[in-house]
Amino acid sequence: MTILDCANKSIDLGHPRIMGILNVTPDSFSDGGDFISPDVALKRVHAMILEGADILDIGGESTRPGARAVSEQEELDRVIPAIQAIAAEFPIPVSVDTSKATVMREAVAAGAGLINDVMALRDVGALAAARELNVPVCLMHMQGLPRTMQHDPQYRDVVAEVGDFLQSRVDACLAEGIPREKLLLDPGFGFGKSLQHNLALLRHLDRFSKLQLPLLVGISRKSMIGAVLDDAPVGQRLHGGLACAVMAVERGAVIIRTHDVKPTADAVRMAHAVMSIEV
Ligand code: 7PJ
């Protein structure tokens with residue numbers, strides 16, 4: 001079960017893979033426009049592939065803490081032209097970071113081969129859309145909603161509760177008729193979690209192996225790195241992020257979602273070489 005079928009493309013999960021992030025939200029790039037042109041998107045993606053990206057994740061809805069919700073049309077306008085251009089041009093699978101059923105449908109029609117949903121298919125119509133579209137889905141844990149999730153996150157036992165939530169979403173998918181082979185899981189670093197919660201999740205990431213599904217982890221540039229490193233700004237979180245990526249891989253993560261493709265690919269390949277040596 002190491003091959004993940006993403007529409008007409010596929011990924012071998014026999015060793016750790018890199019998911020490069022292409023953000024098309026206006027607050028994540030500063031060229032003044034409201035969304036990225038397909039031209040600019042193609043150039044960025046080409047660079048990421050040369051650096052070692054195996055999958056490309058495109059999101060048009062900012063899910064950062066405090067971010068406002070984006071309208072469906074706005075999200076479509078941002079992601080669909082980019083997905084179309086990228087899927088037609090490059091051989092690697094394109095993942096769409098969305099919670100909206102309509103965006104999932106249009107994205108897959110435009111060539112996306114994977115759905116990455118921070119709401120784990122809890123939005124209206126999302127389960128049905130994922131079943132019909134028949135592409136892999138990453139189910140992510142989040143406590144609360146982006147606008148307020150960082151206000152005062154509370155857990156009795158964060159690792160157990162995130163695990164229970166993911167299992168309940170796997171069950172919901174199976175009940176809907178989505179095959180198990182289509183599912184990936186993600187504990188959702190930074191989504192309704194304090195620093196202590198995030199550190200505990202990473203330390204004990206190996207416990208999610210009992211769910212027996214591929215694990216995806218996204219820690220790249222997140223505030224948990226800044227919080228540990230004396231409030232390091234986003235631009236100075238690379239080295240901390242590499243430490244987290246290596247620890248995640250050692251604890252069983254098979255897809256690392258990152259903005260920094262080349263350094264992360266190198267770190268993960270090195271970790272995997274050490275992990276693979278016999279004797
Ligand atoms: C994640 C994501 C993550 C998955 C974002 C950011 C915030 N999708 N989308 N996992 N984070 N699966 O990149 O800082 O951790 S958006």
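Read the numbers this way: they start at 1 and go in the same order the structure lists the ligands and their atoms. From a predicted model like this one, the values you see are computed outputs, not experimental measurements. FYI, the numbering just counts along the sequence from 1.
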How close does the nearest protein non-hydrogen atom get to [atom], and which residue and atom is it?
{"atom": "atom 1 (C) of ligand 1", "value": "Arg257 NH1, 3.5 Å"}
{"atom": "atom 6 (C) of ligand 1", "value": "Lys222 CE, 3.6 Å"}
{"atom": "atom 16 (S) of ligand 1", "value": "Thr63 OG1, 3.2 Å"}
{"atom": "atom 8 (N) of ligand 1", "value": "Asn116 ND2, 3.1 Å"}

#### Entry: Residue among Val40, Val94, Ile86, Ile83 satisfying side chain to side chain contact (heavy atoms under 4.5 Å, CB included) with Leu22
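Among the candidates, only Ile86 passes.
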Note: ligand 1 atoms sitting under 4.0 Å from heavy atoms of Met140 are 3 (C), 4 (C), 10 (N)
Q: Could you tell me which atoms of ligand 1, counted from 1 in the order shown, lie closer than 4.0 angstrom to a heavy atom of Gly218?
A: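 Ligand 1 atoms under the 4.0 Å threshold to Gly218: 15 (O).
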State whether [X] and [Y] are salt-bridged, where the test is any N-O pair (Lys NZ or Arg NE/NH1/NH2 against Asp/Glu carboxylate O) under 4.0 Å.
{"X": "Arg44", "Y": "Asp39", "value": "no"}
{"X": "Glu132", "Y": "Arg105", "value": "yes"}
{"X": "Lys100", "Y": "Asp123", "value": "no"}

Could you check whether atom NE2 of His272 has more than 12 heavy atoms from other residues, nucleotides or ligands sitting under 6.0 Å from it?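 Atom NE2 in His272 is crowded, with more than 12 foreign heavy atoms closer than 6.0 Å.
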For ligand 1, which is the ligand I care about here, please tell me if Cys138 has any N or O atom under 3.5 Å from one of the ligand's N or O atoms.
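No: no nitrogen or oxygen of Cys138 is under 3.5 Å from one in ligand 1.
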Q) What do you reckon, does Asp186 have a nitrogen or oxygen under 3.5 Å from a nitrogen or oxygen of ligand 1? A)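 Yes, there is a polar N/O contact under 3.5 Å.
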*asked:* One residue to check: Asp97. Relative to ligand 1, which of side chain, backbone, both or neither has a non-hydrogen atom less than 4.0 Å away?
replied: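 Near ligand 1, Asp97 shows its side chain, while the N, CA, C and O stay back.
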Short version for Leu216: what comes under 4.0 Å of ligand 1, heavy atoms counted, is side chain
Note to self: Any heavy-atom pair between the side chains of Asp171 and Gln167 that's under 4.5 Å?
What the structure shows: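 They are in side-chain contact.
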Worksheet item: Are Phe191 and His141 an aromatic pair by the rule of ring centers under 6.0 Å?
Response: no
